[in-house]
Amino acid sequence: MKLGIFKSKFATLIIAFTGFFLSAGCAQSQKQSLVDDSQYLRNFFTIYNYVQQFYVEEVDAKTLYEGALKGMMESLGDPYTVYLDVQDMRGLSDTTSGNFYGVGLSISKPNKNTAEKPAYVDVVSPIENSPGFKVGIQSGDKIIEINGEPTAPMSMEDVLSKLRGPRGEGVEVTILRGKTVTFKKVIIRDLIQVPTIEYCKIGNIGYMRLIQFTPDSAPGVEKAIKSFEEEGGYDGLIIDLRNNPGGLLDSAVKVADKFIDSGVIVSTKSRISTENKSFSATKKATIVKKGTPIVVLINRGSASASEILSGALKDYHVAYLVGERTYGKGSVQQVIPLIEKDGTKDGVKLTVARYYSPTDCNIDKIGIPPDREIKDGEYSDEETKAFIKMTEDRVIEKYVEAHPNMTEADISKYADELNAEYKINKRLLRRLIRVETRRTKSMLKYDLDYDIQLVEALKIVKSKDFKELVASTKSLEDLQAEAEKNETAENN
């Protein structure tokens, strides 16, 4: 009975993959491949039978099935190609719809784990105002333990199952920040509502922060632009993509189409013919006047769909990029669902293509460099240790609780006092105090005292020579050709 269930399930997987590839125009080669691989499948079922009959303990068919698929996906060495059990599939659906219970961290994890380079969990970016964001987890942090268990040997599915869970329950994570500083944080799981966009005007400059790419992103951008126009118009725009981990490719294309009136926005390339696609701009969808000064803010937490948008705007010299190099995720995944006998679904997420910018460049594992680099948030190990001690002692929280209604002058004065004791950057201290004073109020949409990248973006977007500045920037094609030339020169 168990063998029948397993064979039926495995056959479903083969049919799913066969149908996918046949529909992709590879019928003959795929048919030949299945014939060539039949011996591997026979060996597989032989070992399955052997385990079922002779292993020292009885083993559930589902355990062997899931283990086989996990191993198959992990053998590809691609952190984005994974097996998704029923819980993972449900979680993926929740994330796409914008609601789930968890800690609110966008993460990535290498498949290869070695003693020299452990496969710790990389924090791509925290979701704004999520539990992980509120306890101070930052882009670039590594989660090395979850509830005391090392993450290096865990699969991505194991990590997700441990971070997600019932609302109100805590999960303890051990964070590695930089090369040497480690500390623990308990994060209380909560409903994670994936936000899309926030916007306002800074003087006569329209500022919009795209938090994640969902079906609501393009309508949100259109709403923001109309709002700026109704408020007397705008002299320029700042698009903030910092810590935006990506989302839907189609959403990024639709947002880019608001700013680009013609040409390819992004293309995908694959050995599967139906995955070779090109997404182009249409003049009808464009709502921002050509020549409008636009600055895009990026950092190492800007990934995937964020890179599609920023890469397209850069290649067409529509916008000037400020900040830090992006994360570097240039691949496209497809989810293949598999139906369990009780009607629930598991499945696999498979990388089927890579995406390319308008100048035909892929940025996977490379990222996009800014036109003007402004680094932020880099502190010494001593400052980081002092920061951790200060937050663990709840120093600011206690002070603000005892001194409600603090003014900017009060914030500055208290920051000076803290700096004398903890030796932490005063700009950061003022930011932490300011955030704490507004914890029960609406958060500031921007902070010009703290945000040096935004301050620089404002200077650039207002500059008289912006047109010449953005025209002089290098496309991704130029940058990659330059990098290859330099690499060749170094090797010679």
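- Under 3.5 Å, the side chains of T196 and D216 contain no donor-acceptor pair of N or O atoms.
- Under 4.0 Å is where a charged nitrogen must lie from a carboxylate oxygen, and between E198 and K445 no such pair does.
- What you find for N113 and A119 is that their closest heavy atoms are OD1-N, 3.0 Å.
- The pair K283-D261 does not meet the salt-bridge criterion, since no charged nitrogen lies less than 4.0 angstrom from a carboxylate oxygen.
- Applying the salt bridge (Lys or Arg N to Asp or Glu O under 4.0 Å) definition to pairs two or more places apart or across chains, those involving residues 245-257 are D250-K254.
- The side chain to side chain contact (heavy atoms under 4.5 Å, CB included) test with K349 singles out one residue from D78, I336, V82, and that residue is V82.
- Considering every non-hydrogen atom in both S310 and V296, the closest pair reads CB-CG1, 4.2 Å.
- A donor-acceptor pair shorter than 3.5 Å cannot be found between the side chains of S302 and N244.
- With Y356 as the aromatic partner, K269 meets the cation-pi criteria of under 6.0 angstrom to the ring centre and within 45 degrees of the ring axis.
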request  = Please test D85 against E66 for side chain to side chain contact (heavy atoms under 4.5 Å, CB included), starting from the C-alpha separation and ending with a verdict.
outcome  = CA-CA 8 Å; D85 62 20; E66 291 186 348; 4.1 Å; yes
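- At a threshold of 4.0 Å, the pair K375-E324 does not count as salt-bridged, since none of the basic side-chain nitrogens sits closer than that to a carboxylate oxygen.
- Note on R325 versus E373: no salt bridge recorded, every NZ/NE/NH1/NH2 to OD/OE distance being 4.0 Å or above.
- For the residue pair Y355/N362, the side-chain donor-acceptor check at 3.5 Å is not satisfied.
- A salt bridge is absent between K185 and E172: the closest approach of a Lys/Arg side-chain nitrogen to an acidic carboxylate oxygen does not fall below 4.0 angstrom.
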*asked:* Run V171 and R189 through side chain to side chain contact (heavy atoms under 4.5 Å, CB included) and show every step you take.
replied: CA-CA 7 Å; V171 55; R189 299 186 186 95; 3.8 Å; yes
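- For the 3.5 Å distance criterion, the side chains of Q39 and N43 qualify, holding a donor opposite an acceptor.
- Closest approach of K117 and T114 over heavy atoms only: N-OG1, 2.9 Å.
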Practice task
Give the intermediate values and the outcome of side-chain hydrogen bond (donor to acceptor under 3.5 Å, both in side chains) for residues Y199 and D240.
Solution key: CA-CA 10 Å; Y199 58 89; D240 194 342; over 6 Å; no
CA sep, side-chain torsions, deciding dist, call: E307, K329, salt bridge (Lys or Arg N to Asp or Glu O under 4.0 Å)
CA-CA 8 Å; E307 293 169 302; K329 181 184 180 294; over 6 Å; no
>> Walk me through whether I143 and I137 qualify under side chain to side chain contact (heavy atoms under 4.5 Å, CB included).
In response: CA-CA 10 Å; I143 302 174; I137 308 299; 5.8 Å; no
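- Donor-acceptor pairing under 3.5 Å is lacking for the side chains of D371 and T473.
- Nearest heavy atom pair, residue V264 against residue Y316, reads O-OH, 2.7 Å.
- With sequence neighbours excluded, the residues forming a side-chain contact (heavy atoms from CB on, under 4.5 Å) with K277 are T268, E275, F279, listed by chain and number.
- Ion pairing between D451 and R242 holds under the 4.0 Å rule for side-chain N and carboxylate O.
- Only one option out of V255, I197, I211 pairs with S217 in a side chain to side chain contact (heavy atoms under 4.5 Å, CB included); it is V255.
- What you find for A305 and G247 is that their closest heavy atoms are CB-N, 3.9 Å.
- Counting only N and O atoms by type, the side chains of S270 and N276 include no donor and acceptor under 3.5 Å apart.
- Enclosure of atom NZ in K184 by more than 12 non-hydrogen atoms of other residues, nucleotides or ligands within 6.0 angstrom is indicated.
- Taking every heavy atom of both residues into account, G347 and Y83 meet most closely at O-CD1, 3.2 Å.
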Notebook entry, point to check: Which is it for I187 and V173 under the side chain to side chain contact (heavy atoms under 4.5 Å, CB included) test, yes or no, and what are the steps along the way?
Noted result: CA-CA 8 Å; I187 310 175; V173 296; 3.9 Å; yes
